Amino acid sequence: MQGDEAKVLLGFPPNSRPTLSQVKAAYRKKVWESHPDLFPLHEKPGAESKFKLISEAYTYLQTGNSSLLFVSRDILKNLNRGLQTLKNGLENLLEVAEAAILH
């Protein structure tokens, strides 16, 4: 699902930038309008489908831009690698210092 599609499903203009609280309020409103239990039996399949799309749109917008999440994960992975490299380097330096002191 694309961001603009998710926004439109929750009632926002495609190029808007709703806040998290606006997204949550719009989701709650749409859930009450489209909940499958509110529809007659013959309309339930369509309502269930729309309800799932609205839930997916909410999840997408609530978590923000998914590419930003991937960037954040990459940054954390690189930071962890850097810290591990630093730790290994310090351990090696300590071994060399100990060997120098003992000899």
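Please read these numbers as outputs of a predicted model, since none were measured by experiment.
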- Hey, what else clusters with Leu86 if you join Ile, Leu, Val, Met, Phe, Trp, Tyr whenever side-chain heavy atoms sit under 4.5 Å? Leu90

- Message: How long is the straight-line distance from CZ of Arg17 back to CG of Leu61, given to the nearest 0.5 Å?
- Response: 12.5 Å

- Asn15: side-chain contact (heavy atoms from CB on, under 4.5 Å) partners, not counting sequence neighbours: Asp4

- Task: Return the minimal non-hydrogen interatomic distance between Leu10 and Ile54, and the atom names on each side.
- Result: CD2-CG2, 3.8 Å

- Message: Distance check, rounded to the nearest 0.5 Å: Leu94 atom CG versus Glu91 atom CD?
- Response: 8.0 Å

- Note on the structure: Those residues at least two apart in sequence (or on a different chain) that pass side chain to side chain donor-acceptor pair (under 3.5 Å) with Gln84 are Asn88

- Message: Run the side chain to side chain donor-acceptor pair (under 3.5 Å) test against Asn92 and tell me which residues pass, sequence neighbours left out.
- Response: none

Ignoring hydrogens and angles, write down the donor-acceptor pairs under 3.5 Å from the side chains of residues 36-53, residues two or more places apart or on other chains.
residue, atom, partner, partner atom, Å
Lys44, NZ, Pro36, O, 3.0

- Query: Is there a chain of hydrophobic side chains (I, L, V, M, F, W, Y, each step under 4.5 Å between heavy atoms) that links Val8 to Phe12?
  - Reply: no

- Item | Pairs where residues 22-34 contributes a residue and the test side-chain hydrogen bond (donor to acceptor under 3.5 Å, both in side chains) is met, not counting sequence neighbours | Thr19-Gln22

